[in-house]
*Asks:* 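The structure follows.
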Amino acid sequence: MDMNETLGLSFHPKVTDVVSQSHYNVSMRFYQTDEFTDLITTFPHEVDLHGSLHLQLKVESDDTNLQILVEQCKASPSLEETEKGYSIIQHGCPLDSTLQNHPVPDQRMKQYSFHVFKFNPFQEVYLFCNVIICHNQTAPNRCTQGCITRRYRRDVSNAKLGSAQLSQGPIVLKSGAQLPNSQAGGSVPSMVLVAVIVAMAFLSAMGLMIQRRYYRRPGDSHPLISSY
């Protein structure tokens with residue numbers, strides 16, 4: 001028996017994908033598609049570069065008068081290094097241009113999709129979201145206000161039932177991930193441009209040869225005029 005043995009261990013920090021409150025839970029889940037039926041349960045979760053992530057945030061309760069507002073969502077390369085993050089939603093306002101809000105009839109739930117990205121040189125991405133829970137009986141409240149721009153932040157309502165800080169991940173890129181065809185195909189116009197330049201150079205050379213054949217330097221007789 002070998003006296004020395006090398007062991008490999010992969011450790012991922014603990015995420016907080018469910019927060020328990022007094023009468024309800026708040027959850028944060030990733031799904032495979034925008035149908036939100038195929039739940040992702042294994043992490044790290046591998047994705048293709050510039051694919052999409054499908055996110056659901058939900059307050060789990062039988063009280064149909066509850067509603068939520070996603071106050072903030074931020075991506076980060078680490079659970080400990082959130083200062084390097086990228087804001088997707090802030091003050092209830094979408095900041096990422098690829099963010100899609102999927103309408104749902106249940107006000108206790110929010111569903112979003114957005115494009116995958118990475119933080120160079122890091123390989124992992126974690127998502128952090130702050131969810132506010134409100135009750136319809138307190139309307140108007142922070143949830144009914146929705147997106148608050150900088151101009152109106154002094155008027156933000158404090159009326160809310162509670163809040164939850166959630167995290168999920170990590171998301172990692174598949175090894176050898178490449179740009180989708182729509183972007184990788186950008187090399188085709190470049191090849192066409194090179195071909196056009198070569199053709200133009202060839203035609204210019206032919207034109208010079210023709211000029212040299214029919215025209216001579218000053219003082220020489222014209223090739224098309226007979227000398228007498």
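Below, each value reflects all heavy atoms present in this structure, side chains not excepted, and no hydrogens, waters or symmetry copies. Residue numbers count from 1 along this sequence.
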*Asks:* Are Leu69 and Arg142 close enough that some pair of their side-chain heavy atoms sits under 4.5 Å apart?
*Replies:*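 Yes - at least one pair of side-chain heavy atoms lies under 4.5 Å apart.
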
*Asks:* Could you tell me whether a side-chain N or O of Gln72 sits under 3.5 Å from a main-chain N or O of Val131, the two making a donor and an acceptor?
*Replies:*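 Absent.
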
*Asks:* Could you go through residues 28-38 and list every donor-acceptor pair under 3.5 Å that involves a side-chain atom there, pairing it with any protein atom two or more places apart or in another chain?
*Replies:*
from	atom 1	to	atom 2	distance (Å)
Arg29	NH1	Asp17	OD2	3.1
Thr33	OG1	Glu35	N	3.2

*Asks:* I need the Gln90 CD to Asn130 CG distance, nearest 0.5 Å.
*Replies:*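 Atom-to-atom, Gln90:CD and Asn130:CG are 11.5 Å apart.
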
*Asks:* Give a yes-or-no answer on whether the side chains of Asp96 and Thr98 include a donor-acceptor pair shorter than 3.5 Å.
*Replies:*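 Looking only at side-chain atoms, Thr98 and Asp96 do form a donor-acceptor pair, the distance falling under 3.5 Å.
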
*Asks:* Do other residues, nucleotides or ligands put more than 12 heavy atoms under 6.0 Å from the NE2 atom of His115?
*Replies:* yes

*Asks:* If you measure only the distance, is there a donor-acceptor pair under 3.5 Å linking the side chains of His102 and Ser113?
*Replies:* yes

*Asks:* Taking the six-membered ring for Trp, are His45 and Phe43 parallel (under 30°), tilted (30 to 60°) or perpendicular (over 60°)?
*Replies:* perpendicular

*Asks:* What is the distance from atom CD of Glu71 to atom SG of Cys143, rounded to the nearest 0.5 Å?
*Replies:* 9.5 Å

*Asks:* Which of these, Gln100, Gln56, His54, sits in a side-chain hydrogen bond (donor to acceptor under 3.5 Å, both in side chains) with Gln111?
*Replies:* Gln56

*Asks:* Once you round to the nearest 0.5 Å, how far does CG of Leu95 lie from CD1 of Ile89?
*Replies:*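 Reported value, rounded in 0.5 Å steps: 8.0 Å.
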
*Asks:* Please confirm whether the backbone N or O of Cys93 pairs with a side-chain atom of His91, one donor and one acceptor, at under 3.5 Å?
*Replies:* no

*Asks:* Suppose we screen for side-chain contact (heavy atoms from CB on, under 4.5 Å). Which residues come up paired with Ser167, at least two apart in sequence or across chains?
*Replies:*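 Val15, Thr16, Leu79, Phe128.
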
